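What follows is a set of notes on a single structure, which appears directly below.
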Amino acid sequence: MTAAENADEAQRYDPREIQDKWQARWAELDLFRASDDPADTRERYYLVDMFPYPSGDLHMGHAEAYAIGDAMARYWFLRGRNVLHPIGWDAFGLPAENAAIRNNSHPADWTYANIETQAASFRRYATSFDWSRRLHTCDPEYYRWNQWLFLRFYERGLAYRKGGYVNWCPFDQTVLANEQVIGGRCERCGTEVVRRVLTQWYFKITEYADRLLADAAELEGKWPDRVLLMQRNWIGRSTGASVHFAVEGRDEPVTVFTTRPDTLYGATFFVVAADSPLASELCAPDRRAELDAYVEQVRKLTDIERQSTEREKTGVFLGVYAINPVNDERIPVWAADYVLPDYGTGAIMAVPAHDQRDLDFARRFGLPVRVVVETGAPDPAETGVATAGDGVLVNSGPLDGLSKADAIARINSILAGRGLGEAAVTYRLRDWLVSRQRFWGTPIPIIHCPSCGEVPVPEESLPVVLPDLRGADLAPHGVSPLAAATDWVNVFCPKCGGPAKRDTDTMDTFVDSAWYILRYCSPRYDEGPFRTEDVRRWAPVDLYVGGVEHAILHLLYSRFFTKVLQDMGTVDFSEPFTRLINQGQVINGGRAMSKSLGNGVDLGQQIALFGVDAIRLTMIFASPPEDDIDWADMHPEAMVKFLGRVWRIASDVAAASAHQPFAAAGGGSFADGDTELRKITHHAVDEVTRQVEGYHLNVAVARLMELVSATRKAIDSGAGAGDPAVREAAEALAVMLSLFAPYTAEECWELLSRGKPAQPAPGAPAVSVAKAAWPAADPALLVQETVTCVVQVNGKVRDRLEVPPAITEDELRELALAAPGVARALAGQAVQRVIVRPPKLVNIVAV
RNA sequence: GCGGGCGUGGCGAAAUUGGCAUACGCGGCAGGUUUAGGUCCUGUUGGUGGAAACACUGUGGGGGUUCGAGUCCCCCCGCCCGCACCA
């Protein structure tokens, strides 16, 4: 082909035309439906992309995440697996509500409109979803099962209501779970969170703390290390001891938790959280006013201020004394805000010599400092630096002379023997606060009856459907908008029949996403949240793709739900996601895209400029999936060029072999083709397969590019476009490329099959490249006749030899020593040693 | 502060178990096609020296282990992330 013809061809690769043509045809073909037929013996593969929140149209971040997930899904389809690759929408949540308030509309309208927009964009983006399983968490058919699960949790004592300190977002006017407070701020809106005392619903995730921690070990190597690390830190297991301190004038002892029971003899004072009921209870009457004033001052602080380690310690003496159980020493009881009311027991024994915070406090208020572990470091009382390391116990009665570890064991047994304490474990993890004072969520299926108390809504009355409240005031006022729906709120008690009221809070939307991957397995099932045998067939998820922002939120909750369901006997596994990939962020110019920076990149515009395939390919080729992509460094036009090259290869082959049978369908053989190109093709197939399975998708694309170059060369200056090897390469290219650029691949496939009709006769080419088979590398074509052996002298490459792969060590040594480059480099030096690693390397050590 | 991760050409990035550093792409340079530009095609491209052969040098810095280190170990510098008064 001449260059002029090439130029003409170049103009004929039109990504937009191809895109429109195939989008319409694919819609009719329903290519990616997962089979629930028990007779279907194909191996199954369950792949889930974290479902989107319908906050508008898809953006660049979605484009990356779904390009990765889709490539992997298509790979397993082509490998002949029965693939479940579903899609749904995480459709409840605050933004819908806020938008509705802003536009004076209804959250449902905004939500469903956005879902339709995103669904259309997904179709254009050529995602290989099984659309028949589509779900929306805001549908009553879905959230009904949130309610059902809530009631099962309730029966098992895993859902309960309690009063206490909660995180309150003043902007969103609702409570938040600990996991939704990021650096003291609301995860959604960034407002500083304040503490409030409220009665709220909780899920008892702390009961599963140990299992969540232990099972994380199973995920090692399958989940990103940092996610596992973040989960471990979040759960925050501490081992130590509980110690019971008598307090003068109080019948019950006060228990503290400490990780350093060995330092018990060094406790010189006692601190309770200022804002705990305990402080108020212990306070001597003459100190009451002082405590109240202090607590008032503490309450004014935001969490961020309160938790600043820079701040000077504050506190007040409560006028009472605690008794150290091991030496009967009277130590003063103080109230301070550096002790938190909801960690441990809200009270500590203070050992200033060996705890920096206690030391800071002691120095501020002139309290004694007593060293009980001699570490060799200077006296903390003087330096102001507490010594936390190991050492020898002193001033500690029976512990004297012991090491830290021995002392801990000894004191634990002493305490246990005398009923004064015991070894104990504490977690940083708190129970999951699930109630929210907002409208657009799942109503909590509980009725409050003046005489019966909390009464679960009977199962047959589910779902408790959200009242429409169209036109009502949905603005946040600190109580759920549902409270205003009097017709809905006022009900009869299911137990006694008397007048009662519905719970007006809604569930945290993380409840919705904690189990949706199970719902996908039987999305229309209406006798339970999922059909057990379907879940057993598909779950757990083989590959889960999503952002790292859910490292502890969604992923921890899902793991928790799975374990509860396992205990309920409805699932037979303990971890929902076998493998997890966190895709990186798409940024622009070194920073996250944002409106205020004005550096947003619009996905629709990029697609209009370059086409879906080029955008998908840009995302994949940019970097390994987990790395961030800076769009400013990207060149989608280079991908258009590459796709054009692939397309031209297919065109050239189609034109040259118009009368040749379509080999992929068994109509011919590639065996007569050019051997060199065949080897390159099979090598590429082997490499691409390996790279895809290892999730090195960027490298897989690089290998495809190499194959394209080799094929082009074969067409232009080698075997020619009519050679069977060229056809073989073109077909393999089309199939492999379909993971990343489905439209172009499909067009190439059609060109190569010479426009055969969509319904294939037996043995005819497949209707779609998506139904083709992943090419198999022929081992016979992977063996090389010769290998390049590098010959080094003192570690520097001095010559190269072409040798048979099976060469022996002795033969290779001899060849290497005789190589001209070696003679030159040796230049009279004596050979001292020869390291031979056949067939690829020889290193001659000479002096 | 504690914990974790990462530093490779001008740029995005490759590199089984320690074994040819920089695959692939962008950008640059040169050439071909073209009236021209673009498209397309070919070649070239870490640095220094050299006409070339080739030599030296080179994976943040310093040290170590090894015949051999981007890869393993120690120290330092820089960047990123998580947690941050959790007893």
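So you know, we letter chains A, B, ... as the sequences are listed, proteins then strands, and number each from 1. What you see is a predicted model, and the numbers here were worked out from it, not measured in a lab.
- Side-chain N/O atoms of A:Arg837 and base N/O atoms of B:G19 include a donor-acceptor pair closer than 3.5 Å.
- To the nearest whole angstrom, the two C1' atoms, one in B:G25 and one in B:G37, are 24 Å apart.
- One finds a side-chain N or O of A:Arg428 lying less than 4.0 angstrom from the OP1 or OP2 phosphate oxygen of B:A84.
- Annotation: cation-pi pair A:Lys313/A:Phe361 absent, no NZ/CZ under 6.0 Å from the ring centroid and within 45° of its normal.
- Contact annotation for A:Arg237: no contact, since no heavy-atom pair falls under 4.0 Å across all strands.
- Taking the side chain of A:Leu340 as heavy atoms from C-beta on, and the options B:A87, B:C11, B:G25, the nearest nucleotide is B:A87.
- Remark: P of B:G4 and CG of A:Asn233 are 9 Å apart, rounded to the nearest angstrom.
- Contact annotation: A:Arg712 side-chain N/O to B:U42 OP1/OP2 distance is not under 4.0 Å.
- None of A:Val298, A:Asp342, A:Val166 except one satisfies the side-chain contact (heavy atoms from CB on, under 4.5 Å) rule with A:Arg195; the exception is A:Asp342.
- Its glycosidic angle being more than 90° from 0, B:G43 falls on the anti side.
- Residue A:Arg800 places a side-chain atom within donor-acceptor reach of the base of B:C20, judged by atom type and a 3.5 Å distance cut-off alone.
- Within 3.5 Å, no donor on the side chain of A:Lys641 pairs with an acceptor on the base of B:C40, nor the reverse.
- Remark: A:Arg833 is in phosphate contact with B:C67, judged by side-chain N or O atoms under 4.0 Å from OP1 or OP2.
- Taking atom CH2 of A:Trp234 as the reference point, atom P of B:C2 lies 21 Å away to the nearest angstrom.
- A salt bridge is absent between A:Arg616 and A:Asp613; no separation between the charged side-chain nitrogens and carboxylate oxygens falls under 4.0 Å.
- A parallel orientation is assigned to the rings of A:Tyr557 and A:Trp432, their planes being inclined by less than 30° (bins at 30° and 60°).
- Comparing B:C56, B:C41, B:G43 by their nearest atom to the side chain of A:Lys713 picks out B:G43.
- Of the candidate nucleotides B:U57, B:G25, B:C67, B:U57 has the atom nearest to the side chain of A:Lys796.
- Contact annotation for A:Met634: backbone-only contact, meaning every heavy-atom pair under 4.0 Å involves sugar-phosphate atoms and none involves a base.
- On the C1' atoms, B:A21 is 7 Å away from B:G70, given to the nearest whole Å.
- Ring pair A:Tyr343/A:Phe257 is perpendicular by interplanar angle, where above 60° counts as perpendicular and below 30° as parallel.
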